[in-house]
A.B. asks: 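There's a structure below that I have some questions on.
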Amino acid sequence: MSQNAYLPKLGRIAAIKEEVPGGRAIKTFRIEFVNGDGFEHDCGQCAMISVFGKGESMISIASAPHIKDYKQFSIMRVGRVTTALHDLNVGDVVGIRGPYGNKFPVKDWKGKNLIFIGGGCGLAPIWPVIQTAVNDRGQFGKISVFYGGRSSRDIMYKNELDKLKGDAEVHLSIDNQEEGWDGYCGFVPANVMSKTPSPENAIAITCGPPIMIKFVIQNLKELGFTDENIYTTIENKMKCGIGKCGRCNVGKDYVCVNGPVYSWAALKDLPQEY
Ligand SMILES: Cc1cc2nc3c(=O)[nH]c(=O)nc-3n(C[C@H](O)[C@H](O)[C@H](O)COP(=O)(O)OP(=O)(O)OC[C@H]3O[C@@H](n4cnc5c(N)ncnc54)[C@H](O)[C@@H]3O)c2cc1C
Ligand code: FES
């Protein structure tokens with residue numbers, strides 16, 4: 001008999017890091033599969049994480065595929081399941097099923113300059129690509145990371161971004177001036193424009209709130225990036241994750257199977273249902 005696709009594997013929370021405090025807090029969970037019964041994944045893929053008795057949520061796998069000992073997830077507390085996840089402790093067991101979705105074509109980007117543009121919790125889905133590029137540093141050109149939060153308290157992966165500075169240009173921003181802040185003040189799309197990254201031999205990868213993505217893409221086009229060289233991810237609500245229930249559709253496209261990673265060339269022709 002074939003295995004039930006909805007049956008999760010078991011994962012134990014090995015570490016929890018508080019990234020961002022407040023009403024829409026973000027925590028990063030490091031999860032190890034119980035008894036080594038896990039799965040491999042590619043950059044950009046996600047997994048359904050379940051809290052028993054509460055439900056399950058689709059979450060991007062925020063650790064790179066070459067990291068085999070655990071999978072990492074950065075989760076914003078917005079509702080029932082994510083609040084239940086935030087209430088868990090190290091040692092607690094959750095369900096994980098996946099991996100789901102397509103992947104960033106990272107192998108095709110060898111030799112190219114990579115420009116990552118993230119906002120809020122949107123650094124998590126692109127973090128595996130950043131980790132992969134840094135791990136294979138000699139295979140890629142210049143790496144630039146633009147990332148912003150509403151305030152300095154909303155910046156996630158602070159230590160990791162700091163460590164990245166040897167391998168990449170890191171341009172952080174917050175929306176409004178704060179005492180002691182020496183990065184950019186203003187929205188992420190404006191920070192990108194102020195540094196005028198060159199489209200020459202470059203790929204831009206952006207993830208964050210839809211309004212940020214909209215203006216980032218507008219600005220990248222103005223800088224001369226082609227639709228084929230701009231990538232993003234979309235987070236339509238998902239239920240089954242395996243192309244059965246129709247919950248995630250954009251037009252006829254099942255985002256859980258054909259997404260969440262899209263080039264702007266592919267996404268701009270789909271109906272605006274994301
Ligand atoms: C491919 C994919 C990757 C994702 N990656 C991450 C991630 O890495 N980290 C993370 O924190 N979240 C991620 N999400 C979003 C996450 O799945 C939802 O926030 C979560 O399912 C909400 O569940 P809940 O039960 O806590 O909230 P609910 O109780 O279901 O909802 C609470 C509120 O949030 C809104 N909401 C719920 N889901 C979404 C959504 N997908 N988009 C917009 N609004 C929503 C609801 O309308 C409601 O207002 C991802 C979603 C997808 C589809
Ligand atoms: S989530 Fe069910 S079809 Fe995509």
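One-based numbering, in listed order, for ligands and for the atoms of each.
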A.B. asks: So with a 6.0 Å cut-off around CZ of R24, is the heavy-atom count from everything else above 12?
C.D. replies: no
A.B. asks: Going by the atom numbers of ligand 1, which of them fall below 4.0 Å from some non-hydrogen atom of I59?
C.D. replies: 4 (C), 5 (N), 6 (C), 7 (C), 8 (O), 9 (N), 10 (C), 12 (N), 13 (C)
A.B. asks: Taking N or O atoms only and a 3.5 Å limit, does M58 qualify as a polar contact for ligand 1?
C.D. replies: yes
A.B. asks: Report all protein residues having a heavy-atom distance below 4.0 Å to some atom of ligand 2; order the list by chain, then number.
C.D. replies: M238, K239, C240, G241, G243, K244, C245, G246, C248, Y254, C256
A.B. asks: Treat each ILVMFWY residue as a node, draw an edge where side-chain heavy atoms are under 4.5 Å apart, and state whether Y70 and F29 are in one component.
C.D. replies: no
A.B. asks: Just by distance, do the side chain of H86 and the backbone of I75 share a donor-acceptor pair under 3.5 Å?
C.D. replies: yes
A.B. asks: Any N or O of G79 that comes nearer than 3.5 Å to an N or O of ligand 1?
C.D. replies: yes
A.B. asks: Out of S60, A62, A47, who gets a non-hydrogen atom closest to atom 5 (N) of ligand 1?
C.D. replies: S60
A.B. asks: Looking only at atom types and distance, does a side-chain atom of R80 sit under 3.5 Å from a main-chain N or O of T83, one as donor and one as acceptor?
C.D. replies: no
A.B. asks: More than 12 heavy atoms of other residues, nucleotides or ligands under 6.0 Å from NZ of K68: yes or no?
C.D. replies: yes
A.B. asks: Above 12 or not: heavy atoms from other molecules or residues under 6.0 Å from NZ of K244?
C.D. replies: no
A.B. asks: Strictly less than 4.0 Å: does any protein heavy-atom distance to atom 15 (C) of ligand 1 fall in that range?
C.D. replies: yes
A.B. asks: Just need the protein heavy atom nearest to atom 41 (N) of ligand 1, so name the residue and atom and give the distance.
C.D. replies: E235 O, 3.1 Å
A.B. asks: Looking at R77, I'd like to know if its CZ atom is crowded, meaning that more than 12 non-hydrogen atoms belonging to other residues, nucleotides or ligands lie closer than 6.0 Å.
C.D. replies: yes
A.B. asks: Need the ligand 1 atom indices (1-based, order shown) with element for anything under 4.0 Å from a heavy-atom of C46.
C.D. replies: 1 (C)
A.B. asks: Could you check whether atom NZ of K17 has more than 12 heavy atoms from other residues, nucleotides or ligands sitting under 6.0 Å from it?
C.D. replies: yes
A.B. asks: Closer than 4.0 Å and a protein heavy atom, does any atom meet both conditions relative to atom 8 (O) of ligand 1?
C.D. replies: yes
A.B. asks: Is the number of heavy atoms from other residues, nucleotides or ligands within 6.0 Å of NZ (K214) greater than 12?
C.D. replies: no
A.B. asks: If you measure from the Lys or Arg side-chain nitrogens to the Asp or Glu carboxylate oxygens, is any gap between E32 and R30 under 4.0 Å?
C.D. replies: no
A.B. asks: Can a protein heavy atom be found under 4.0 Å away from atom 27 (O) of ligand 1?
C.D. replies: yes
A.B. asks: Do K195 and E169 sit within salt-bridge range, that is, some charged N less than 4.0 Å from a carboxylate O?
C.D. replies: no
A.B. asks: Out of R77, K237, R24, R80, indicate the one that has the non-hydrogen atom closest to atom 44 (N) of ligand 1.
C.D. replies: K237
A.B. asks: Which of the numbered atoms in ligand 1 are under 4.0 angstrom from any heavy atom belonging to N236?
C.D. replies: 53 (C)
A.B. asks: Below 4.0 angstrom, counting only protein heavy atoms, does anything approach atom 52 (C) of ligand 1?
C.D. replies: yes
A.B. asks: Does a sphere of radius 6.0 Å around CZ in F187 hold more than 12 heavy atoms from other residues, nucleotides or ligands, not counting ones at 6.0 Å or beyond?
C.D. replies: no
A.B. asks: Please state whether S74 comes within less than 4.0 angstrom of ligand 1, counting heavy atoms only.
C.D. replies: yes
A.B. asks: Counting from 1, what ligand 1 atoms have a heavy atom of V81 closer than 4.0 Å?
C.D. replies: 24 (P), 25 (O), 26 (O)
A.B. asks: Determine, using ring centers only, whether F33 and F39 are less than 6.0 Å apart.
C.D. replies: yes
A.B. asks: In terms of residue, atom name and distance, what is the protein heavy atom nearest to atom 20 (C) of ligand 1?
C.D. replies: S57 OG, 3.3 Å
A.B. asks: Above 12 or not: heavy atoms from other molecules or residues under 6.0 Å from NZ of K142?
C.D. replies: no
A.B. asks: List every atom of ligand 1 that sits less than 4.0 Å from any heavy atom of M76, numbering the atoms from 1 in the order shown and giving each element.
C.D. replies: 10 (C), 11 (O)
A.B. asks: Give the residue and atom name of whichever protein heavy atom lies nearest to atom 34 (O) of ligand 1, and the separation in Å to one decimal.
C.D. replies: V78 CG2, 3.8 Å
